[in-house]
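Each remark here refers to the structure printed beneath this line.
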2 protein chains.
Amino acid sequence: MTRYSRQTRMLVAVDCIIFGFDGQDLKLLLIKRGFEPEKGKWSLMGGFVQPDEDLEQAAARTLTKLTGLDGVYMEQLGSFGHPGRDPMERTLSVAYFALIDINQYKQQITDEYKAEWFPLKDAPKLIFDHADMVEEAQARLRYKAAIHPLLFELLPTRFTIPQLQILFEAVYDAGFDKRNFSRKVLSTGLLVKQKEKERATSKRGAFYYKLDKRKYSAKFHAFLNFVSDPGNLK
Amino acid sequence: MTRYSRQTRMLVAVDCIIFGFDGQDLKLLLIKRGFEPEKGKWSLMGGFVQPDEDLEQAAARTLTKLTGLDGVYMEQLGSFGHPGRDPMERTLSVAYFALIDINQYKQQITDEYKAEWFPLKDAPKLIFDHADMVEEAQARLRYKAAIHPLLFELLPTRFTIPQLQILFEAVYDAGFDKRNFSRKVLSTGLLVKQKEKERATSKRGAFYYKLDKRKYSAKFHAFLNFVSDPGNLK
DNA sequence: GCAAAAGTGTTATCACTACACCCATGG
DNA sequence: CCATGGGTGTAGTGATAACACTTTTGC
């Protein structure tokens, strides 16, 4: 077969917006870009899509390369294609956002990328249109987490309800009533109470919970109204 | 500046999933593909992104070329990039879905694309991965329309509540109680009752309504819960 | 006068909000 | 024994769902 004639080909990259939660703040994993243009500036982790590679594969490969992690929650955010977004050469970027348990993240031996976690609110200036991507990813996270049990992806397997509440409060930059909050999350039936307590943050200790994985898979796409009035979101 | 070396460039296309509503069924606008490969087969309307063009621009241009319409509701659905999706040459496609008032659609003079409306449930086999795109677009439409006042984009400026209900029933393939339905849509405050009635479909006639454009813009992104239990959606 | 579609009201249930006190424990 | 964070219950309010009859008018 021949090729389509007279059409422009362009580079296609993937960029990953990687969120983490340290128990207090929502964080973003950024790297120092290792090549020109904009070498040495803060950037999202990204890479070019290879000839034999699916977009999801490229995104997963890119994420694994940076974090060493596999099987992470990841979702296509959208594509960014302004003609001048990369001044070097026209490059389309397909952005993915990922939610990882920050404790699982191990700095790779080489620390090849000079990666760092930044509080989302206090991130440095980013190259190209990466700030737009981050903003859109944050909006999407808020949007989806209001309706779907998404934020569990940011927590370790065992977590307490107060930890979960702090996470929601960080995502929505708002405070919630703890009685209503715990009633609501427990009413989903997704949580299984453990026998052990977390004893580091309080004297009394808070019970650990785990996700009921069967129910989690079943209800993941259901409308659960996790946050009833998240404000006007996109 | 030089270019990124040793990376593959690829074609980037946009494809449009165009929905319409004829008063009875949800419909899809398809064309007969005019060039190889798969010439003569049913396809979504699409086109290649031009060197100086934004993705949104490319999508809007493509839509206008087919329908003659401008200022139509359009949203990026996502990108499809399996390496073999176009057998001729690797092509990434950024899919957009559009909602148009089917009455505004005028077949262009030339009828260059041999376009036809198909009931969504009864669409022909499509080329490449276009069926996946359509399926994803339908899921997205259901998802969004359950929460946002989106389906109005499919109706003419003046419409009746029974018409609106038939539309919702078509989208969700479900029946709704008309008392609860009208109460719910009226309670949003988005509708302005007109003096005239639509008299074609019933003897008594049904009052026309128009959208309150100010409130529509303001509430478009709010969570309105148009359909309270839309089932398990993505 | 009757068939066909439009329009409307009530009640029971459920979910959400606001709010305050007791519990367990380490120091 | 007290400071700290964990855990729970209730009452009022608003939204939802289920349900049936009356209105209009072209034929």
Side-chain angles (χ1 to χ4, degrees), chain A residues 23-24 145-149 155 158-170 172 174-210 219 222-231, chain B residues 23-24 145-149 155 158-170 172 174-210 219 222-231:
Chain A
Q24 219 49 49
I147 317 185
H148 303 288
L155 293 171
R158 296 196 311 173
F159 52 88
T160 69
I161 293 189
Q163 283 168 359
L164 183 62
Q165 180 166 355
I166 293 168
L167 170 55
F168 270 86
E169 292 178 339
Y172 292 100
F176 299 104
D177 181 277
K178 66 176 174 174
R179 289 160 290 190
N180 295 335
F181 182 83
S182 84
R183 193 186 5 255
K184 184 172 271 188
V185 298
L186 290 174
S187 76
T188 62
L190 295 174
L191 301 191
V192 185
K193 194 172 189 168
Q194 304 301 112
K195 293 196 189 89
E196 305 76 39
K197 283 183 163 188
E198 190 273 343
R199 300 203 161 271
T201 43
S202 80
K203 294 158 187 168
R204 182 178 176 177
F207 280 104
Y208 279 119
Y209 286 80
K210 281 188 180 175
K219 290 197 177 181
F223 282 7
L224 287 174
N225 263 54
F226 265 80
V227 178
S228 52
D229 184 14
Chain B
Q24 218 49 51
I147 318 185
H148 303 288
L155 293 171
R158 296 194 314 171
F159 54 87
T160 68
I161 292 187
Q163 284 168 359
L164 183 63
Q165 182 167 351
I166 292 167
L167 170 55
F168 270 85
E169 292 178 339
Y172 292 100
F176 299 104
D177 180 276
K178 66 177 173 173
R179 290 160 289 190
N180 295 334
F181 182 83
S182 84
R183 193 185 5 254
K184 185 172 267 188
V185 297
L186 290 174
S187 77
T188 61
L190 294 175
L191 301 191
V192 185
K193 193 173 190 169
Q194 304 301 112
K195 293 195 188 89
E196 304 78 38
K197 284 183 162 185
E198 190 273 342
R199 301 204 158 270
T201 43
S202 82
K203 293 159 189 170
R204 182 177 177 178
F207 280 104
Y208 279 118
Y209 286 80
K210 283 187 179 176
K219 290 198 177 180
F223 281 8
L224 287 174
N225 261 55
F226 264 79
V227 178
S228 51
D229 184 14

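These numbers come from the heavy atoms of this one structure, side chains and all, not from hydrogens, waters or symmetry mates. Here is how names work: the chains are called A, B, and so on, in the same order as the sequence lines, proteins then strands, and each is numbered from 1. This one's a predicted model, so the numbers in the text were calculated from it and none came from an experiment.
- Going from atom CD of B:Gln24 over to atom C1' of C:dA5 covers 13 Å, rounded to whole Å.
- Counting to the nearest Å, the P atom of D:dT23 and the NZ atom of B:Lys197 are 13 Å from each other.
- Taking atom CZ on A:Phe226 and atom P on C:dA15, their separation rounds to 14 Å, with Å as the unit.
- Distance B:Gln165 CD to C:dA5 P: 13 Å, rounded to the nearest Å.
- Ion pairing between B:Glu196 and B:Arg158 holds under the 4.0 Å rule for side-chain N and carboxylate O.
- When the C1' atom of C:dA6 is taken as reference, atom CZ of B:Phe207 falls 10 Å away, rounded to whole Å.
- In terms of the side-chain hydrogen bond (donor to acceptor under 3.5 Å, both in side chains) criterion, residue partners of B:Arg183 (sequence neighbours excluded) are, by chain and number, B:Asn180.
- Distance check: B:Ile147 CD1 to B:Leu224 CG gives 9.5 Å after rounding to the nearest 0.5 Å.
- Aromatic ring centroids of A:Phe168 and A:Phe181 lie under 6.0 Å apart.
- The residue among B:Ile161 and A:Arg199 whose nearest nucleotide of DNA chain C is located toward the 5' end is B:Ile161.
- Ranking D:dG6, C:dA3, C:dA5 by closeness to the B:Arg204 side chain, first place goes to C:dA5.
- For DNA chain D, the neighbouring residues in residues 175-187 of chain B, judged by any heavy atom under 4.0 Å, are B:Asp177, B:Arg179, B:Asn180, B:Arg183, B:Lys184.
- In this pair, A:Tyr172 and A:Phe176 present their aromatic rings perpendicular. The plane angle is above 60°, beyond the 30 to 60° band.
- In this structure, A:Lys195 has no side-chain contact (heavy atoms from CB on, under 4.5 Å) partners at least two apart in sequence or on a different chain.
- A residue-by-residue look at A:Ala206 and B:Lys203 shows that A:Ala206 has its nearest nucleotide of DNA chain D further toward the 5' end.
- A:Thr201 comes within contact range of the sugar-phosphate backbone alone, with a heavy-atom separation under 4.0 Å but no base atom that close.
- Rounded to a whole Å, the CD atom of B:Glu198 is 10 Å from the P atom of C:dG7.
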